Amino acid sequence: MVRAANAVRPRLARAMTAATLRTARLTEALRPLTERLPRPGTLGTWHYTAGAATAGLALAVGAVSVAGPWDADGQRTAERDRAVALERTGGADHGDSGTTAGAVRPAPSARAVLTGLGGADGPVTTRQAPSGAKPLEDVLQPLLDAPALGGGHAAAVVDVTTGKRLYGTDADKALAPASTTKIATAVAALSALGPDHRFTTRAVLEPDTRELVLVGGGDPTLTARPQGGGTSRSSEPGSGGDRASLRTLATDTAKALKGRGIRKITLSYDTTLFSGPALHRIGVNDNLAPVSALTADEGRTDGSTTGPAARVADPAADAAGKFAGFLKDAGITTTSPGPSKATTRARTLAAVSSPPLSAVVERMLTYSDNDIAETLARQTALASGEPASFDGGAKAVGAQLRRLGLPVSGAAFHDGSGLDRDDRLTADLLTALLVKAGDPARPGLRPVLTGLPVAGFTGTLTNRFADGAAGVVRAKTGTLTGVNTLAGTVVDQDGRLLAFAFLAHDTTNPLEAQSALDKTATALAACGCR
């Protein structure tokens, strides 16, 4: 691997320089890199790794230079960091995503992702596999039969441009999907709400009682922490902070109160947007806070932004307490906050809104964020006329997928995150979701593809594919005890954008199972198969 890394560094430097040029020149520069990738069987593993890493890095660096749903003030740095240091830690699903608390890095934008579709906005093109190509079954079946994949598996590979299934084994068999459930949640939320939808947190004043009520709007990205570049009042990407700030809300609220001559106020908080139990069936767990319409920083107690962490028992009370502290800093004295419900006569004094749903979905998929997933399931329920609960969210997600004409037979939803072991999805449904997200007629679903982690670069794939298709595979991971899944996209050696889903159950060693799935996806990337 040292030889491979040394071999690709000159090309990485050239790719980095190319990132400053126009997108058209980048596209032209990347073509020969992808064409030079070795064919299976012609070179050793490290040769393929070097070629794949070079092409992947070049594609990723190109993506950084293209405007996308994430901000451009330092957020799109993962691929540049990778060019400097080819080693990174973490990457386990529901675990350390390989990021630090102050350096969350999202996925690249759409253009490089959708090379096999002709670009994010370009025409859909299809290249046929050569007539002498090896059958895809002969390539994938031995890898999927690996003992590490446990008591059985289901798999499907589909050509995204045509919708044709190229490979399948038990593709209609419903298995526990773990976190690949989030792909379904993402499609459902985007379909129900639209990619530009935002979630708003408000501070309202009751005219009769002069009670100030902090009203939770179900924003899973609301933060009480200082944001880089100052406390921007805009949640637009690139504005100095990509999340709605509770501090900013308090500052604006204090100003409005002082304008009315109020410096002492009764403070309450309203979480009635959501209903049903707040605690997931798994109970108290570091992977998920109690689900509330009012939560700051996902109720995390350790300053982290991704992965497991101890959570506060009552996220709403915690957020309201922090809001009270910010009001005090701004010269407003409050009572100790308690639960309440804002009336229809309450007047909004100040409000802050989340980034657009497109960006929230990307973050959820890149970092396998369970808190976002459960909130989006509830928001989907509200948009669908269902109760904003675990059951209502599950029902709404299934209904949205049926409305899209997706193959939901055998599927069972019990949450939005995939933490529930009774969830069931098929490989057919997972690939159909990805194909639907790539449909040129449905650009609002595109964040489902752009949010997938990049192999070896971002999110839950940061520390995977070290010996394979780094930068070439994009996929959502799934890990529970005895369950390992991987579903995503890859551009194969013949330029076809393929959607794949691999689900394994009764696995006994998660690391070995992950490695087996990674090898299978790598073989798919290296294949020019019929």
Side-chain angles (χ1 to χ4, degrees), residues 92-95 153-156 171-192 220 280-282 285 287-288 291 360-381 384 389-402 404 406-434 436-437 445 447-449 451-453 459-461 475-488 499-505 507 517:
D93 198 23
H94 301 311
H153 65 269
D172 58 351
K173 183 177 181 179
L175 297 174
S179 272
T180 55
T181 298
K182 294 182 177 74
I183 297 174
T185 302
V187 169
L190 288 166
S191 298
H280 192 283
R281 289 205 303 178
I282 61 174
N285 192 287
N287 284 303
L288 178 66
V291 184
V360 177
V361 162
E362 279 194 323
R363 179 180 174 82
M364 174 187 71
L365 293 172
T366 301
Y367 298 100
S368 198
D369 193 304
N370 298 306
D371 299 271
I372 292 178
E374 296 304 342
T375 298
L376 293 190
R378 279 168 163 75
Q379 294 285 8
T380 302
S384 306
S389 61
F390 282 108
D391 289 343
K395 184 177 179 181
V397 168
Q400 286 293 329
L401 301 190
R402 281 190 291 273
L404 289 170
L406 294 164
V408 296
S409 178
F413 296 98
H414 297 279
D415 63 4
S417 63
L419 288 172
D420 196 307
R421 298 188 68 86
D422 289 336
D423 289 338
R424 292 291 184 271
L425 294 182
T426 65
D428 268 345
L429 177 55
L430 283 168
T431 51
L433 287 163
L434 296 166
K436 185 69 71 173
L445 298 181
V448 176
L449 299 185
L452 295 173
T460 55
L461 287 186
K476 181 70 199 73
T477 56
T479 306
L480 293 171
T481 302
V483 176
N484 291 90
T485 60
L486 191 68
F500 66 88
F502 306 139
L503 299 91
H505 63 91
T507 59
L517 293 176

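The structure displayed is predicted, hence computed values, not measured ones. For the single chain, residues carry numbers from 1 onward in sequence order.
- Within the cation-pi definition used here (under 6.0 Å to the ring centroid, within 45° of the axis), Arg424 does not qualify as a partner of Phe413.
- Between Leu517 atom CG and His153 atom NE2 the span is 10.0 Å, to the nearest 0.5 Å.
- In this structure, CD1 in Ile183 is found 9.0 Å from CG in Leu425, a value given to the nearest 0.5 Å.
- Judged as a ring pair (Phe, Tyr, Trp, His ring centres under 6.0 Å), and not counting sequence neighbours, the contacts of Phe500 are Phe502.
- The closest side-chain heavy-atom distance from Pro220 to Asp371 is not below 4.5 Å.
- Between Leu376 and Met364, the closest side-chain pair of non-hydrogen atoms falls below 4.5 Å.
- Put simply, the side chain of Leu419 reaches to within 4.5 Å of the side chain of Asp415, judged on heavy atoms.
- We find the NZ-OG distance between Lys182 and Ser368 to be 3.0 Å, quoted to the nearest 0.5 Å.
- Looking at heavy atoms from C-beta onward, Asp172 lies out of side-chain contact with Ser409 at the 4.5 angstrom threshold.
- Here the side chains of Asn285 and Leu288 are not in contact, with every heavy-atom distance at 4.5 Å or above.
- Residues Val448 and Leu190 share a closest heavy-atom pair of CG2-CD1, 3.7 Å.
- Every residue two or more places apart in sequence or in another chain was checked for a ring pair (Phe, Tyr, Trp, His ring centres under 6.0 Å) with His505, and none qualifies.
- Scanning both residues, Lys436 and Leu445, for their nearest heavy atoms gives CG-CD1, 3.6 Å.
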